[in-house]
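Okay, structure first, notes after.
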Amino acid sequence: VSNMQVAVLGATGMIGQRFIQLLEGHPFFDINGLYASERSDGKRVSQVLKIKDYEFDQETLETEIKQIDVKKIAESCRIAFSGLPSEIARDIEQDLADKGVAVFSNASSHRMRDDVPLLIPEVNPDHLEVIRSQKTFGDGGFIVTNANCSTTGIALPLKALDDAFGLKLVCVSTYQALSGAGYPGVPSLDIIGNVLPYIKSEEEKMEMEILKMLGILEDGRVRFADFDMLANCVRVPVIDGHLESLIMTFVEDPDLDEVASALSEFRADPQHLELPTAPIEPIIVRDEVDRPQPALDAYAGEPERARGMAVTVGRLRKKDMYFKAFALSHNTLRGGAGGSVLNAELAVEKGYLR
Ligand SMILES: NC(=O)c1ccc[n+]([C@@H]2O[C@H](COP(=O)([O-])OP(=O)(O)OC[C@H]3O[C@@H](n4cnc5c(N)ncnc54)[C@H](OP(=O)(O)O)[C@@H]3O)[C@@H](O)[C@H]2O)c1
């Protein structure tokens, strides 16, 4: 069987370029076209490179970026991977779904719709089923979203811990990388030698999205989880990798070894199905007193295609009823393009993409 043809939307941005990286040599998907705004029309990838830690194939570097043309994409592609800003994504993604294209999006515009799954294949693979209630599903078009990058980083450990011990309260404080703000992002004079204790709408997104993802599918709809979730979000001068501090209480009272085992032994559909971008160990637990760190752990994950897809958890501690930990994940890979690619791989394996 030949590979599915895919379009990348926002191909000049931080997420778009991670899509291109992950789609090079992909066993299921072939890049059919790279798209961005009118400003980028006719430019080659080599002229708009944003990612500095990956070497693209020569063929990719020579590929021309085109202005988005919904009709053309619908004629040539089965899938569109979207790294568009939310304001732009809302209409373009719906137009594509209306024309029979399966859209896997990083944008927030459709995340909270009842008929759109907010999907992480290790966390809530069954939620994919809600796409059947999108009116375009019969013609092959639908929208699947992934969560905000900071929510994704804690969703995997929280899922493992909720399954094992029942979450009651989660307080998270983030140390978020600059690439999470897109390109060029935060002005250098605001962030070098500084931290910014405000990221617009981020805390609200985290507090809502996690409850949708850890919710239960009932009669084709997601019933939100009901533990207490509090977030403080901060931008720090790091290029890639969101570090997040967690303080949690559980229904049960496990000891720390049990917490560590629940995390490190966690496996889910992507591992059982051996999806190409799935890390063999989705949650890596480290014992060192000074891990995880963005500089050392952002690219955790094996095999090669799953680098940056594992979440690293460390500094597990317990005080009275409170459990403390740090989690780290790559915001544009696991928290962005990698999340969407894994969602599409799951949709292929589960038969939603014929
Ligand atoms: N960065 C992260 O860690 C992260 C994680 C999860 C989700 N997200 C979400 O993913 C999306 C992309 O984020 P990003 O960080 O990659 O942003 P970015 O670096 O600013 O890239 C935005 C992309 O959208 C294109 N674009 C902007 N306006 C357009 C228009 N009018 N028509 C067509 N294309 C247009 C840009 O093309 P031009 O170069 O031509 O302007 C560029 O390719 C956002 O919705 C963001 O919230 C980001």
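The first residue of the sequence shown is numbered 1, and numbering continues consecutively from there. If you're wondering where the values come from, they're calculated on a predicted model, not measured in any experiment. Start at 1 and go down the list; that is how both ligands and their atoms are numbered.
The two residues G100 and R78 come nearest to each other via the heavy atoms O-NH1, 3.2 Å.
Protein heavy atom nearest atom 8 (N) of ligand 1, with residue, atom name and distance: N106 O, 3.9 Å. G13 CA, 3.3 Å is the protein heavy atom nearest to atom 21 (O) of ligand 1. Summary of contacts: the protein heavy atom closest to atom 13 (O) of ligand 1 is I15 CG1, 3.7 Å. In terms of protein heavy-atom proximity, atom 15 (O) of ligand 1 is nearest to G182 CA, 3.0 Å.
Between Y54 and Q17, the closest side-chain pair of non-hydrogen atoms is not below 4.5 Å. Residues L161 and M248 have side chains in contact (heavy-atom distance under 4.5 Å, counting atoms from C-beta outward). Residues L49 and F56 form a side-chain contact, since some pair of their non-hydrogen atoms from C-beta on lies under 4.5 Å apart.
Remark: K50 qualifies as a cation-pi partner of Y183 under the 6.0 Å distance and 45° angle criteria applied to the six-membered ring.
Closest heavy-atom approach to atom 33 (C) of ligand 1 within the set S340, G185, S37: this belongs to S37.
Residue contacts with ligand 1 for A89 are absent, since no atom lies close enough (heavy atoms, distance under 4.0 Å). Contacts with ligand 1 closer than 4.0 Å are made by side-chain heavy atoms of R39 only, the backbone lying farther away. Looking at T12 against ligand 1, both its backbone and its side chain come within 4.0 Å, counting heavy atoms. Contacts with ligand 1 closer than 4.0 Å are made by backbone heavy atoms (N, CA, C, O) of S179 only, the side chain lying farther away. Counting heavy atoms under 4.0 Å from ligand 1, residue I88 touches it through the side chain alone.
Looking at L84 next to ligand 1, an N or O pair under 3.5 Å apart turns up. Considering both main-chain and side-chain atoms, A147 never comes within under 3.5 Å of ligand 1 through any nitrogen or oxygen pair. Of the polar atoms of A107, none of the N or O atoms is found under 3.5 Å from an N or O of ligand 1, judged by distance alone. On a distance-only criterion, G336 and ligand 1 share no N/O pair closer than 3.5 Å. In terms of polar-atom proximity, defined here as any N/O pair under 3.5 Å, S108 makes no such contact with ligand 1.
Between the side chains of Q47 and R44, not a single donor N or O lies within less than 3.5 Å of an accepting N or O. There is a side-chain donor-acceptor pair under 3.5 Å between E202 and N148. A donor-acceptor pair shorter than 3.5 Å cannot be found between the side chains of Q176 and E244. Side-chain polar atoms of Q5 and S76 form no donor-acceptor pair below 3.5 angstrom. There is a side-chain donor-acceptor pair under 3.5 Å between E345 and H26.
The contact set between ligand 1 and A11, taken as ligand atoms under 4.0 Å from a residue heavy atom, comprises 43 (O). Numbered from 1 in the order shown, with element, the atoms of ligand 1 that lie under 4.0 Å from a heavy atom of G335 read 5 (C), 6 (C). Atoms of ligand 1 lying under 4.0 Å from at least one heavy atom of S40, given by number and element, are 38 (P), 39 (O), 40 (O). With ligand atoms numbered from 1 in the order given, ligand 1 contributes 45 (O) to contacts under 4.0 Å with heavy atoms of S86. Distances below 4.0 Å separate heavy atoms of I68 from the following atoms of ligand 1: 33 (C). Of all atoms in ligand 1, listed by their number and element, those nearer than 4.0 Å to a heavy atom of T332 are 1 (N), 2 (C), 3 (O). Per-residue contacts place Y183 under 4.0 angstrom from the following atoms of ligand 1 (heavy atoms of the residue considered): 18 (P), 19 (O), 20 (O). Every atom of ligand 1 with a heavy atom of G83 under 4.0 Å away is listed here by number and element: 11 (C), 12 (C), 22 (C), 23 (C), 24 (O).
Atom 43 (O) of ligand 1 is approached by the protein to below 4.0 angstrom, counting heavy atoms only. Proximity of atom 46 (C) of ligand 1 to the protein is not indicated, since no non-hydrogen protein atom lies closer than 4.0 angstrom.
Less than 6.0 angstrom separates the ring centroid of Y299 from the ring centroid of H330.
In this structure, F81 and F29 have perpendicular ring planes: the angle between them is above 60°, well past the 30° mark.
Residue contacts with ligand 1 include P85, since one or more of its heavy atoms lies under 4.0 Å from the ligand.
Partner of L118 under the side-chain contact (heavy atoms from CB on, under 4.5 Å) criterion, out of V123, V144, T145: T145 alone.
The existence of a salt bridge linking R90 and E87 is excluded, since no basic side-chain nitrogen approaches an acidic carboxylate oxygen closer than 4.0 Å.
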Report task. Go through the steps for N32 and V6 under the test side chain to side chain contact (heavy atoms under 4.5 Å, CB included), then give the verdict. Result -> CA-CA 5 Å; N32 179 285; V6 309; over 6 Å; no
